[in-house]
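Read the structure below first, then the notes.
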Amino acid sequence: MRINWNYIKIGALSLVLMGLYAFSNHRNEKRKVTGVNIEFVGDQNLYITQSVVNKLLIQNYGPIINVPKEKLVLNTIEKVIEANEMVKSAQVYLTVNGELTSKIVQRKPIGRIEGNSKFYLDDEGKRMPLSMSHSARVPIITGKITGKGLEDVYEILKYINQDDFLRKNVIGIHIEEEERYQLKFRMEQFVVHLGGIDNLEEKFNNFKAFYAKANRDKTLEEYAMVNLEFNNQVVCTKI
């Protein structure tokens, strides 16, 4: 009976490779965390700071440096970070050098409510607490704050943020009552009566056409009120 040495060599090589993999995997699991790196993705206005994230990790896990990698459950760490009200999402992983890295996406405020309660409205229409670290430059929302009113304001803010002119110039929204909203502009003294959130595109297009003409005529300072509630027209009241 002839012995096929090629099969024996392949089998032996496979065993060696499996042994090396198991040994390497065992050593890798025994390695310890060498450091912690926190990165904020996107908006660089920090509503939550690195020190706050570090404190969260220490409160839940103690000092992480020199902890064996096998003792860390990365999904659980992600959930701990995401539990913070300033965080939208977090991705946590270990580098080949043993550094625990967390990439954090913060929530994004698009309006600030000034009422009995003070909070932000974020880009998903949810309430977001004010930050001790940074104050967002966003339109101020005042007036009769109700659930329906905030839903409508969110739709107005979404439209404003898609338009460069409106985003740069609208600094406030006042809720007279549901379906009656007013806009305050950065440089102008007049108030814009928007009415409800129906036909926003048509209303804002009419307003921008009026604004461009009045700006050319240098008559913007003559107006106390600009009303967009009526179909396909702008009704103005002079000072």
I need the [X] [atom1] to [Y] [atom2] distance, nearest 0.5 Å.
X: T34; Y: L100; atom1: OG1; atom2: CG; answer: 9.5 Å
X: Q106; Y: L46; atom1: CD; atom2: CG; answer: 5.5 Å
X: T142; Y: K184; atom1: OG1; atom2: NZ; answer: 11.0 Å
X: L183; Y: L194; atom1: CG; atom2: CG; answer: 5.0 Å
X: D123; Y: K158; atom1: CG; atom2: NZ; answer: 10.0 Å
X: S102; Y: E78; atom1: OG; atom2: CD; answer: 7.5 Å

Specify whether Y211 and F185 have parallel, tilted or perpendicular ring planes, treating 30° as the upper limit for parallel and 60° as the lower limit for perpendicular.
->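 Taking F185 first and then Y211, their aromatic rings lie parallel (interplane angle under 30°).
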
Tell me, with the steps shown, if K126 and M128 meet side chain to side chain contact (heavy atoms under 4.5 Å, CB included).
-> CA-CA 6 Å; K126 299 176 182 177; M128 172 182 171; over 6 Å; no

Carboxylate-amine/guanidinium proximity below 4.0 Å for K168 and D164 = yes

So, K208 and D163, do they make that salt bridge, N to O below 4.0 Å?
->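 So K208 pairs with D163 through a salt bridge.
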
Solution key, residues 54-68 side-chain donor-acceptor pairs under 3.5 Å, sequence neighbours excluded:
from: N54; atom 1: ND2; to: Q50; atom 2: O; distance (Å): 3.3
from: N60; atom 1: ND2; to: L56; atom 2: O; distance (Å): 2.8
from: Y61; atom 1: OH; to: I77; atom 2: N; distance (Å): 3.4

Salt bridge (charged side-chain N to carboxylate O under 4.0 Å, His left out) between K148 and E178, worked out | CA-CA 7 Å; K148 175 63 167 60; E178 293 178 7; 5.5 Å; no

Over 12 non-hydrogen atoms of neighbours within 6.0 angstrom of [atom1] in [X]:
X: K103; atom1: NZ; value: no
X: E221; atom1: CD; value: no
X: E39; atom1: CD; value: yes
X: K118; atom1: NZ; value: yes
X: E202; atom1: CD; value: yes

Is it true that [X] and [Y] fall in one hydrophobic cluster, defined by side-chain heavy atoms closer than 4.5 Å?
X: I145; Y: V138; value: no
X: V92; Y: V105; value: no
X: V170; Y: V234; value: yes
X: I38; Y: L74; value: yes
X: V191; Y: F204; value: no

Quick one: does [X]'s side chain get under 4.5 Å of [Y]'s, heavy atoms only?
X: I48; Y: V53; result: yes
X: I104; Y: V41; result: no
X: P129; Y: F119; result: no
X: L150; Y: Y154; result: no
X: P139; Y: I171; result: no
X: M225; Y: H193; result: yes
X: Y120; Y: L130; result: yes
X: F165; Y: F207; result: yes

Could you please spell out the steps behind the side chain to side chain contact (heavy atoms under 4.5 Å, CB included) verdict for M132 and Y47?
-> CA-CA 7 Å; M132 298 294 291; Y47 304 103; over 6 Å; no

So, the side chain of [X] versus the backbone of [Y]: is there a donor-acceptor pair under 3.5 Å, distance only?
X: T146; Y: G149; value: yes
X: Y181; Y: I156; value: no
X: K203; Y: G196; value: yes

Side chain to side chain contact (heavy atoms under 4.5 Å, CB included) assessment of E179 paired with D152 | CA-CA 8 Å; E179 302 293 335; D152 287 352; 3.8 Å; yes

Where do F190 and L220 come nearest, in terms of heavy atoms and distance?
->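 It is CD2-O, 3.7 Å.
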
Test log, rule salt bridge (charged side-chain N to carboxylate O under 4.0 Å, His left out), inputs D122 and R107 = CA-CA 7 Å; D122 74 3; R107 295 174 67 186; 2.9 Å; yes

Run the side chain to side chain contact (heavy atoms under 4.5 Å, CB included) check on N161 and I110 step by step: do they pass?
-> CA-CA 8 Å; N161 284 328; I110 59 173; 3.5 Å; yes

Consider only side-chain N and O atoms of N227 and E229, and report whether a donor and an acceptor are under 3.5 Å apart.
->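 Yes, side-chain donor-acceptor contact under 3.5 Å.
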
Distance only, no hydrogens: is a donor on one side chain within 3.5 Å (strictly under) of an acceptor on the other, for N84 and E82?
->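 Side-chain D/A pair, N84 to E82: absent.
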
